[in-house]
Peer 1: 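Encoded as structure tokens, here's the structure I'll be asking about.
Note on naming: letters A, B, ... go to the chains in the order of the sequence lines (proteins, then strands), and numbering restarts at 1 for each one.
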Protein chains: 2
Amino acid sequence: MQTRKSRASFTGRVTMADVAKEVGVSAITVSRAFRAPGKVSPELHSRIVEVSRRLGYVPSRAASALASARSMTILALIPSLTNNVFVDVLVGIKEVLDAADYQMLIAITGYDQPDAEERMLRAHLGYVPDGILLTGVDQSEAVRTMIDGQGLPTVHMMDHSDREDLWWVGYSNAEAGRAVARYLLGRGRRRIGIIASQLDPRSLRRCEGCREVLAEAGLYDPGLDLRVPDHSSIPLGAELVERLLNQAPDCDAVFVCNDDLAQGAVFQCSQRGVAVPDRLAVVGFHDLNASAWASTPLTTVRTPRYQIGREATRLLLARIEGTPTSARRIDLGFSLVRRASG
Amino acid sequence: MQTRKSRASFTGRVTMADVAKEVGVSAITVSRAFRAPGKVSPELHSRIVEVSRRLGYVPSRAASALASARSMTILALIPSLTNNVFVDVLVGIKEVLDAADYQMLIAITGYDQPDAEERMLRAHLGYVPDGILLTGVDQSEAVRTMIDGQGLPTVHMMDHSDREDLWWVGYSNAEAGRAVARYLLGRGRRRIGIIASQLDPRSLRRCEGCREVLAEAGLYDPGLDLRVPDHSSIPLGAELVERLLNQAPDCDAVFVCNDDLAQGAVFQCSQRGVAVPDRLAVVGFHDLNASAWASTPLTTVRTPRYQIGREATRLLLARIEGTPTSARRIDLGFSLVRRASG
DNA sequence: ACACGATATGTCACCGCTAACATGCGCGCC
DNA sequence: GGCGCGCATGTTAGCGGTGACATATCGTGT
């Protein structure tokens, strides 16, 4: 008892019991005052609020999660923050969570190690999230097992899947790749290249969509298909377009699977004196903020990242709370934004 | 009892007790096997690890935090993710935390409401973090009280303070502003403007540093000092430089307090036919990735954001664990990067 | 006047884990 | 051969909340 007392005072935290004693009620009444104000008389409620504020009481989520098996926290697994793409998604997620009084836990998995997603998940599952938002639909078996084992609801984001058991909000990367290929073909381009980096499943699906349409038209040339595993960045885009133009000088268009790469590619073309789009049309992907504001504004595919964050979170919260939803798979589509580069 | 049982099985989680029963030991042994492997016999340890894996056991951080008053979690309060500035800081933080087996909780405070930091802090304190990383050194009284009340160690990032009681890792925004002013004066500029947005304390300190030096030189003109509260962005930078040039056509240089604004400013100048730097020199701040890769690469101040994240986290962990540190205030400085725009 | 339901508050046990303090056991040593 | 000691493991009592159920209080209809 005495030991405990000192341990508690060591942490220095004000607890619900402290508030209860000060007000002269039992702890459960304080608990109710916060979670169900209607069940506590108005005078008591205001006194409890006042005392809590005065004492600096902050409810312990750890204790609450333990006792109620609800943490009011959702976990978002994101490949990277460096890539602005996911920042937009997070903004959408956060808005919906804030409104519902949930907290967001962000886990960054990175693109490099194949088991990173599993490790990050294991580390963060300890926080007992009430649900999980996943990026993409290509989780490893280990990840699926772990999530199912915990019985946690999940929603996938940023891609498209035919699987009946998945809840997702996104768009079809494959279809987007096809759309770009058709667009470039429609504009009379015949020697169309593909540049991609990072090679996550979504980028690859875009590449494949593009390749598919080019192949159908008999115009796919593996010599114009440049895919490297490095992280995508502006300088890498510059380097890759340089390489492409050197090995295939007659290339007249290129689908660059990420806008930062595409920005670098356009930059490099202007350095090198390659006219964009006349000599080489460049189409990017994602429509990042900066893409409209380059000396040659980028033709690109706009993805509804903010909306994906919002809708995926709405769906997840509905699942958690058992509210019926109109759909469990939401395709928010994409749109090709035509600007100067292609 | 029965009720409880069903509640537990409702959550479906595998607990330490489940593992213990399966192995045939008591829960505390399982606990020790994870936290202090040396205190458990090798055979038992490997059996416990094996069974845990097989059952899919994930320790509950909530329970652990409650029982041990240590959460192995640190909280980072960041104004915004949209601004790439802090993403770099987070990458640094995360690297150090990963190595030390700590988890990172990110709270995004936003720039808009003055009490947002307080509210976000309150919401996240419930996770019982072991320490806090704060952005800037200008926290409100309420925030300080709350943190002190919990007895939590903190380290401030991204600014500089003379206060003896603060631990911080950063650079002097005021000094950086002065350096820019001196640089532009040294290059013969006389009608020097200032453009800033967002108006967080750090931007303002940069502005003030710049103004100070200009005033000393007798060259400060409030008519060239444009500060707006809106979020910083490329289009806003374009708009502001337009406004500046309209109201003061003889302006020959401008310190733009954020690189994204500066990128927009340079873009707008090229649209408008204003020669950069001949007619108008533009100096940005932060040296974002894209700034080197514009048609007119940006002269800007490079801030060591990644290192700030790393060092601040090292310092915080040392404080938490009681390791002695060589310094409690680390000025990592900044450097003016000269490129084409100024 | 009294049973009855609605409302306000309390009691108790327990969520999953760990600090502190046992306990049991084998070993070396005088 | 008894003693003390170190090591491996167990017992107990919480950490700070909340669910389920109990109890007290009050107004209402008959």
Side-chain angles (χ1 to χ4, degrees), chain A residues 1-21 23-48 52 55 57-72 125-128 150, chain B residues 1-21 23-48 52 55 57-72 125-128 150:
Chain A
M1 192 68 187
Q2 204 47 36
T3 328
R4 286 298 158 166
K5 226 351 35 103
S6 72
R7 186 141 82 93
S9 72
F10 212 90
T11 75
R13 292 182 65 96
V14 178
T15 72
M16 193 172 260
D18 297 328
V19 176
K21 197 196 290 174
V23 177
V25 294
S26 71
I28 191 73
T29 305
V30 177
S31 174
R32 282 198 273 253
F34 286 112
R35 292 176 307 118
K39 293 192 170 176
V40 171
S41 68
E43 317 86 75
L44 252 188
H45 181 263
S46 57
R47 273 181 56 216
I48 288 170
S52 297
L55 264 37
Y57 169 62
V58 179
S60 160
R61 268 179 192 264
S64 169
L66 243 201
S68 68
R70 284 289 300 273
S71 62
M72 297 302 279
L125 240 32
Y127 292 99
V128 211
Q150 311 288 119
Chain B
M1 191 69 185
Q2 203 46 37
T3 329
R4 286 297 157 166
K5 209 69 207 224
S6 73
R7 186 140 80 94
S9 73
F10 211 89
T11 76
R13 292 182 66 95
V14 178
T15 74
M16 193 172 261
D18 297 328
V19 175
K21 196 195 290 174
V23 177
V25 293
S26 73
I28 192 72
T29 304
V30 177
S31 173
R32 281 198 273 253
F34 287 111
R35 292 176 307 119
K39 293 192 172 179
V40 171
S41 68
E43 317 85 75
L44 251 189
H45 180 263
S46 56
R47 273 181 54 216
I48 289 170
S52 298
L55 297 184
Y57 169 61
V58 178
S60 159
R61 267 180 192 263
S64 169
L66 242 201
S68 70
R70 282 290 300 276
S71 63
M72 297 301 280
L125 240 32
Y127 291 100
V128 210
Q150 310 288 120

Peer 1: For the side chain of A:Ser68, starting at C-beta, report the closest nucleotide among D:dG17, C:dT9, D:dG19.
Peer 2: D:dG19

Peer 1: Roughly how far, to the nearest 0.5 Å, is the NZ atom of A:Lys39 from the OG atom of A:Ser31?
Peer 2: 10.5 Å

Peer 1: Nearest-Å distance, NZ (B:Lys39) to C1' (C:dT18)?
Peer 2: 12 Å

Peer 1: Take the protein atom CG of B:Leu66 and the nucleotide atom P of D:dG16, then report the distance between them rounded to whole Å.
Peer 2: 7 Å

Peer 1: Looking at A:Val128 and B:Ser60, what are the two nearest heavy atoms and their distance?
Peer 2: CG2-OG, 4.1 Å

Peer 1: Between B:Gly38 and A:Tyr57, which residue's closest nucleotide on DNA chain D lies nearer the 5′ terminus?
Peer 2: B:Gly38

Peer 1: Mind telling me whether A:Tyr127 and B:Tyr127 have parallel, tilted or perpendicular rings, with 30° and 60° as the class edges?
Peer 2: perpendicular

Peer 1: For residues B:Phe34 and B:Ile48, report the shortest heavy-atom separation together with the two atoms involved.
Peer 2: CE1-CG2, 4.4 Å

Peer 1: Could you give the CZ-to-P distance, from A:Arg61 to D:dC15, as a whole number of Å?
Peer 2: 22 Å

Peer 1: Quantified as the angle between the terminal helix axes (five pairs each), what is the overall bend of the helix from C:dA1-D:dT30 to C:dC30-D:dG1 to 10 degrees?
Peer 2: 50°

Peer 1: Which residues in residues 23-36 of chain B have a heavy atom closer than 4.0 Å to any atom of DNA chain D?
Peer 2: B:Val25, B:Ser26, B:Ile28, B:Thr29, B:Arg32

Peer 1: Measure CZ/B:Arg47 against C1'/D:dT9 and give the value in whole Å, please.
Peer 2: 13 Å

Peer 1: Any side-chain N or O of B:Ser41 less than 4.0 Å from the OP1 or OP2 oxygen of D:dT9?
Peer 2: yes

Peer 1: Which distance, rounded to the nearest 0.5 Å, do you find between the CZ of B:Arg13 and the CG of B:Asp18?
Peer 2: 11.0 Å

Peer 1: Send over the distance from B:His45 NE2 to D:dT9 P, rounded to a whole Å.
Peer 2: 12 Å

Peer 1: Give, for atom CZ of B:Arg35 and atom OG of B:Ser64, the distance between the pair rounded to the nearest 0.5 Å.
Peer 2: 7.0 Å

Peer 1: How many whole angstroms separate atom CE of A:Met72 from atom P of D:dT18?
Peer 2: 11 Å

Peer 1: Taking only side-chain N and O atoms of B:Ser60, does any of them lie within less than 4.0 angstrom of OP1 or OP2 on C:dC17?
Peer 2: no

Peer 1: How close do B:Arg32 and B:Val40 get, heavy atom to heavy atom, and via which atoms?
Peer 2: CB-CG2, 3.8 Å

Peer 1: In whole Å, I'd like the distance from the CZ atom of A:Arg70 to the C1' atom of D:dG19.
Peer 2: 14 Å

Peer 1: Measuring from atom CZ of A:Arg61 to atom OG of A:Ser68, what distance do you get when rounded to the nearest 0.5 angstrom?
Peer 2: 10.0 Å

Peer 1: Can you tell me how far P of D:dG16 sits from NZ of A:Lys21, to the nearest Å?
Peer 2: 12 Å

Peer 1: Determine the minimum heavy-atom distance between A:Val14 and A:Leu55, stating which atoms define it.
Peer 2: CG2-O, 3.3 Å

